[in-house]
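Chain A is the first sequence line, chain B the second, and so forth, proteins listed ahead of strands; every chain is numbered from 1. Because the structure is predicted, anything quoted here is derived from the model rather than measured.
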Amino acid sequence: MTTYYNHKKIEGKWQQKWEQQPLNQAVDFSKNFKKYVLDMFPYPSGEGLHVGHPEGYTATDIYSRYLRMNGFNVLHPIGWDAFGLPAENYAIQQKVHPQKSTKKNIEYFRQQIKSLGFSYDWSREINTSDPDYYCWTQWLFLQLYKKDLAYKKKAPVNWCKDCKTVLANEQVIDGKCERCNHQVIQKDLEQWFFKITAYAEELLKEIDKLDWSQALKNAQKNWIGRSEGALIKFQVSNSKRIIEVFTTRPDTLFGATYMVLAPEHQLIQELKEKITNWPEVEKYIKQARNKNQMERTDLAKEKTGVELKGIKAINPATKKEIPIWLADYVLTSYGTGAIMAVPAHDQRDWEFADKYHLNKKVVVYNPNYIKDEYIENGGFLPQAMEEEGEVINSNGCGDFAMDGWPTEKAIKEVISILERKKLGKAQTQYKIRDWLVSRQRYWGAPIPIIYCDKCGVVPVPEKDLPVLLPDDVDFKPTGESPLVRSKKFHQVKCPKCGSAARRESDTMDTFVCSAWYFLRFCDPQNSKEIFNQKKIKYWLPVNLYVGGMEHAVGHLIYARFITKALRDAGFLNFSEPFLKIRNQGIILAEDGRKMSKRWKNVINPDKVVEEYGADTMRMYEMFMGPLEDHKPWDSKNIMGIRRFLEKVYKLINFFKSPSSSADEKTERLLNKTIKKVTADIEELKFNTAISAMMELVNYFTSPQQKLTAKQLETLVKLLAPFAPHLAEELWQKLGHKRSIFKESWPKFDPKLVIDEKVTVVIQVNGKLRATIQVKRGVGEKELKELVNKQAQIKKHLKGKEIKKFIYIKDKLVNLVI
RNA sequence: GCCGAUGUGGUGAAACUGGUAAACACGCACGACUCAAAAUCGUGUGCCUUAUGGGUUUGUGGGUUCGAGUCCCACCAUCGGCACCA
């Protein structure tokens with residue numbers, strides 16, 4: 001490496017200066033326009049920063065520095081998402097207390113982040129595992145409890161045997177634990193939930209108003225999973241009992257030839273007496289329970305089930321008795337946990353009916369198919385599945401008879417008849433489930449609840465917060481929360497009646513801590529309240545939020561939910577926390593695969609900073625490609641950026657005699673570059689902003705250029721957000737005492753970004769044949785003459801007739817012959 | 001199965017509302033400097049070709065247009081989200 005540019009010396013020097021005289025502090029209530037630019041705060045793992053982290057962090061840093069130079073009051077904070085399973089597992093593995101290892105990890109992360117020169121407002125640093133922070137996480141829990149948005153319920157939940165804790169649906173990927181990759185099983189446990197489903201409709205509806213990527217919006221929409229349909233009541237024969245089902249196709253009610261209950265359905269226990277094959281049924285229920293999520297939801301597997309003999313249900317339209325089955329292809333957690341099966345028009349019901357020889361009745365006919373064949377086949381033709389058509393075979397169903405009605409109309413009509421007869425109603429269903437927030441692990445915020453034999457569930461009074469995490473327990477997971485083992489913690493007096501009571505021993509999912517952290521940055525030291533509402537009003541919502549796509553359906557839904565819940569509790573006056581989100585792409589290894597210890601292809605950011613410098617690292621990651629794309633690391637390409645910075649360094653350090661007057665051509669290019677870099681930063685297109693600067697520098701360094709001091713200063717300013725250390729150094733070299741980040745962003749002269757001469761392309765039949773230089777704004781007549789003089793063109797026109805002459809001003813001519 | 005994104009040189013990629021495809025960078029080749037190497041600088045570099053020219057090229061096949069990487073239709077491939085959700 002060349003000796004001109006000593007990045008270690010320069011970067012160390014400026015980092016120290018910035019530490020002593022912070023330039024980045026956000027000012028509450030400043031009259032300047034505010035911008036809140038946020039990174040997804042890191043989870044301080046034991047491995048330290050990954051090269052992926054600086055990608056998003058550099059993007060927001062460039063943007064923040066740019067905004068400050070444009071006079072904005074910018075809140076650009078950082079903190080630590082410090083609670084949670086990985087941190088605890090790491091501590092167990094290292095045989096230290098998580099408090100200790102987390103503290104150490106944070107120190108390492110902080111040092112690494114500082115080594116990259118990010119302009120965070122360090123006075124606002126937060127740590128979710130700090131009692132000053134989790135006090136308010138607990139307070140938040142109490143507010144939700146007050147509003148009935150936090151509740152305890154026994155429910156089948158996801159259980160990871162290896163982590164020995166329950167998991168939220170969002171933490172189960174393909175039936176496996178997100179963290180340890182072990183199979184997740186279902187367990188019936190009493191657990192705490194947040195009622196996110198209460199906001200399902202609003203969460204869905206407001207997505208379209210947000211400036212997010214289509215992929216992100218789509219992921220959330222799918223997760224919320226809205227579908228419209230009807231709830232329909234089926235009477236059990238000779239009984240007052242009702243089986244309620246949800247269906248999106250009430251128009252197929254005539255074709256419901258049997259019913260299916262999920263194995264966990266309550267009614268089965270209630271009808272136990274009437275079921276004649278109880279031992280068989282009980283055996284099936286047991287089998288279903290022992291299956292893990294994977295086995296149960298595997299689409300490839302054959303469907304199984306057992307009939308509930310001795311009982312029947314009545315189809316409310318046909319009035320016919322139909323059998324009731326039990327099968328694990330019906331999920332207990334969606335709809336009512338029971339379905340009306342329409343085997344002629346639903347693939348799953350078809351497969352099941354086929355196996356157990358159940359009746360199929362065709363009730364929707366699609367004119368695209370041959371009627372006889374269709375009916376003979378029992379409705380199911382692969383192409384015809386779930387298609388719309390018209391009602392058939394509804395005659396004899398009394399009020400319900402509606403043969404020939406198109407699907408859409410029939411759906412409405414069936415619902416209206418059902419409503420009239422009080423047999424059903426229109427219903428909207430969501431796939432999203434309530435958020436399971438309790439964890440049987442040590443390293444989290446204790447749930448602020450006390451159980452009293454006399455008073456029942458008693459929330460901890462707000463004045464008693466925080467409920468401190470005890471440090472006198474063996475925190476190893478056993479399946480029961482380790483907090484139970486701390487007597488001091490567990491045994492308390494009831495805040496209501498004073499008698500002996502016990503504390504809730506579960507801790508909160510770490511995603512609760514991260515669902516509100518962006519609010520705390522506005523008022524991080526407040527010990528009286530979660531935040532000052534005026535400060536929130538000033539700073540929120542977040543103007544730009546950058547982070548990984550992996551948080552699409554977890555964190556980003558939770559944060560939106562908490563925002564809405566706090567709004568309804570009167571603490572916030574806005575509904576959406578993040579107006580604009582960009583997801584940085586994954587930086588792949590040089591071999592094109594994901595970086596992984598297993599493949600031994602991980603790039604260590606410390607080494608890159610050591611070897612090339614923070615400025616090179618930052619700029620290289622921005623130069624690799626569009627922010628949101630996945631891009632492979634290339635240790636050769638990074639040299640291109642290093643060379644570029646060397647070039648700038650040399651240009652300014654060894655520039656001998658600045659010219660007193662600016663050359664016009666140079667001024668034009670410089671102004672165009674200002675325009676381009678400015679526009680690109682606004683759109684977060686940093687890769688092309690860098691190319692534009694490279695072109696400028698290539699021109700500046702080409703032989704015999706006359707440059708003014710002002711021109712060099714402008715270049716350094718443009719570079720400043722990208723390579724802050726080098727820019728600060730060069731700024732000083734150019735004779736300035738004050739930091740470059742106190743300077744204002746360069747403006748371009750609109751007159752100078754338009755060239756006087758333009759290149760007009762001449763095509764013959766759409767093919768490029770020549771180009772000519774003309775003055776801007778040349779008319780068609782004049783141009784025609786010029787074109788006719790071109791030898792190249794004459795050649796192509798020889799003996800041919802020009803049919804059409806197309807002229808796009810200042811751009812192109814196309815001769816059609 | 002449903003939904004979304006992407007597809008351009010040897011590589012990372014660029015191309016404004018349809019108007020010179022491949023900017024910028026890496027790599028490579030050749031040259032300069034050097035005893036030599038590294039670094040640096042200069043020149044060239046999509047592919048084919050009978051080469052001061054011509055042909056051809058943005059996943060595939062069609063279409064619209066004077067003109068398509070860009071718009072429309074169909075298809076293929078890769079990646080991602082959801083999924084026995086009734």
Nearest nucleotide by nearest heavy atom, which residue falls closer to the 5' end of RNA chain B, A:Leu768 or A:Trp223?
-> A:Leu768
Should the pair A:His555 and A:His551 be assigned to parallel (<30°), tilted (30 to 60°) or perpendicular (>60°) ring geometry?
-> perpendicular
Figure out the CG/P separation between A:Leu216 and B:C79, and round it to whole Å.
-> 21 Å
Nucleotide forming a Watson-Crick or wobble pair with B:G27, both distances under 3.5 Å = B:U45
Tell me which nucleotide among B:C3, B:A13, B:C24 gets nearest to the side chain of A:Met694.
-> B:C24
In whole angstroms, how far is the P atom of B:C3 from the CZ atom of A:Arg226?
-> 17 Å
Across all strands, who's sitting opposite B:U50 as a Watson-Crick or G-U wobble pair, both distances under 3.5 Å?
-> none
B:C73 and B:A21: how far apart are their C1' atoms, nearest whole angstrom?
-> 24 Å
Of B:A13, B:C24, B:U20, the nucleotide closest to the side chain of A:Thr759 is B:U20
In whole angstroms, how far is the C1' atom of B:A86 from the CG atom of A:Leu253?
-> 14 Å
In the strands shown, is B:U58 matched to any nucleotide by a Watson-Crick or G-U wobble pair with both distances under 3.5 Å, and which?
-> none
Gap between atoms OH and P, on A:Tyr329 and B:G1 respectively (whole Å) | 20 Å
A:Lys412 atom NZ, neighbour heavy-atom count above 12 within 6.0 Å = no
According to the Watson-Crick and G-U wobble definitions, with both distances under 3.5 Å, which nucleotide is paired to B:A77?
-> B:U6
Taking OP1 and OP2 of B:G55, is either one under 4.0 Å from a side-chain nitrogen or oxygen of A:Arg769?
-> yes
Could you check if the base of B:G9 is syn or anti? Syn means the glycosidic torsion is within 90 degrees of 0.
-> syn
Does B:A14 have OP1 or OP2 sitting under 4.0 Å from an N or O in the side chain of A:Asn687?
-> yes
Rounded to the nearest angstrom, tell me the gap between atom CD in A:Glu264 and atom P in B:C84.
-> 14 Å
Hey, does the side chain of A:Lys636 come within less than 4.0 Å of B:G27's phosphate (OP1/OP2), counting only N and O?
-> no
Nearest listed nucleotide, side chain of A:Ser691, among B:A14, B:A23, B:G4 | B:A23
Just by distance, do the side chain of A:Asn218 and the backbone of A:Gln214 share a donor-acceptor pair under 3.5 Å?
-> no
Pair of N/O donor and acceptor under 3.5 Å linking B:C82 base with A:Asn222 side chain = no
Of all the choices, B:A5, B:G19, B:G81, which nucleotide is nearest to the side chain of A:Gln214 once you look at every atom?
-> B:A5
Atom CG of A:Asn637 and atom P of B:G12: how far apart are they, to the nearest Å?
-> 9 Å
B:U65 -> Watson-Crick or G-U wobble partner, both distances under 3.5 Å, gives none
Determine: side-chain N/O of A:Ser227 to OP1/OP2 of B:A86, distance under 4.0 Å, yes or no.
-> yes
Given B:C82, is OP1 or OP2 found less than 4.0 Å from the side-chain N or O atoms of A:Asn169?
-> no
Determine the interplanar angle of the A:Tyr258 and A:Phe352 rings, folded into 0 to 90°, and report it as parallel if under 30°, tilted if 30 to 60°, perpendicular if over 60°.
-> parallel
Spacing of the P atoms in B:A13 and B:U64 (rounded, Å) = 34 Å
Opposite nucleotide pairing with B:A15, Watson-Crick or G-U, both atom distances under 3.5 Å | none
Closest-nucleotide 5' rank along RNA chain B - winner of A:Gly625 and A:Ile808 = A:Gly625
Would you state whether a donor and an acceptor, one from the side chain of A:Lys303 and one from the base of B:C84, lie under 3.5 Å apart?
-> yes
Minimum-distance nucleotide (side-chain atoms of A:Lys647 versus B:C26, B:G12, B:C41) = B:C41
For atom P, what is the distance between B:U43 and B:C24, given to the nearest Å?
-> 12 Å
Could you check which of B:G12, B:A15, B:G19 has an atom nearest any side-chain atom of A:Thr688?
-> B:A15
A:Asp634-A:Tyr620 side chain donor-acceptor pair, cut-off 3.5 Å = no
Closest to side chain of A:Phe246, choosing from B:G4, B:C24, B:A86 | B:A86
Report which part of the nucleic acid A:Asn698 touches: base, sugar-phosphate, or nothing (heavy-atom distance under 4.0 Å, all strands).
-> sugar-phosphate
Remember a base hit wins even if backbone is also touched, and classify A:Glu351 as base, sugar-phosphate or nothing at under 4.0 Å, heavy atoms.
-> nothing
Out of B:C24, B:A13, B:G19, which has the shortest distance to the side chain of A:Ile806?
-> B:G19
Below 4.0 Å: OP1/OP2 of B:U56 and any side-chain N or O of A:Lys767 = yes
Quick one: does A:Lys631's side chain have a donor or acceptor within less than 3.5 Å of a partner on A:Pro626's backbone?
-> yes
Between A:Glu695 and A:Thr673, do the side chains contain an N or O donor and an N or O acceptor separated by less than 3.5 Å?
-> no
Taking atom C1' in both B:A39 and B:A5, compute the distance separating them and give it to the nearest angstrom.
-> 43 Å
Checking all strands, does A:Val330 fall into the base, sugar-phosphate, or nothing category for heavy-atom contacts under 4.0 angstrom?
-> base
Quick one: label A:Phe623 by what it contacts on the DNA or RNA (base, sugar-phosphate, nothing), any heavy atom closer than 4.0 Å.
-> base
Please state how far atom CD in A:Glu590 lies from atom P in B:G10, giving the value in whole angstrom units.
-> 20 Å
Residue A:Thr771, side-chain atoms from C-beta onward, closest of B:C66, B:C26, B:U20 | B:U20
Between B:A86 and B:G4 - C1' atom distance, rounded Å | 24 Å
For A:Asn158 and A:Val184, the nearest pair of non-hydrogen atoms, with its separation, is CB-CG1, 3.4 Å
Of the candidates B:G19, B:C84, B:A23, the side chain of A:Leu812 sits closest to B:G19
A:Gln763 CD - B:G67 P separation (whole Å) = 10 Å
A:Trp212 side chain vs A:Phe578 backbone, donor-acceptor pair below 3.5 Å | yes
A:Arg643 side-chain N/O to B:C26 phosphate OP1/OP2 under 4.0 Å | yes
For B:A36, give its Watson-Crick or G-U wobble partner with both distances under 3.5 Å, or none.
-> none
With both distances under 3.5 Å as the test, what is the Watson-Crick or G-U wobble partner of B:C84?
-> none
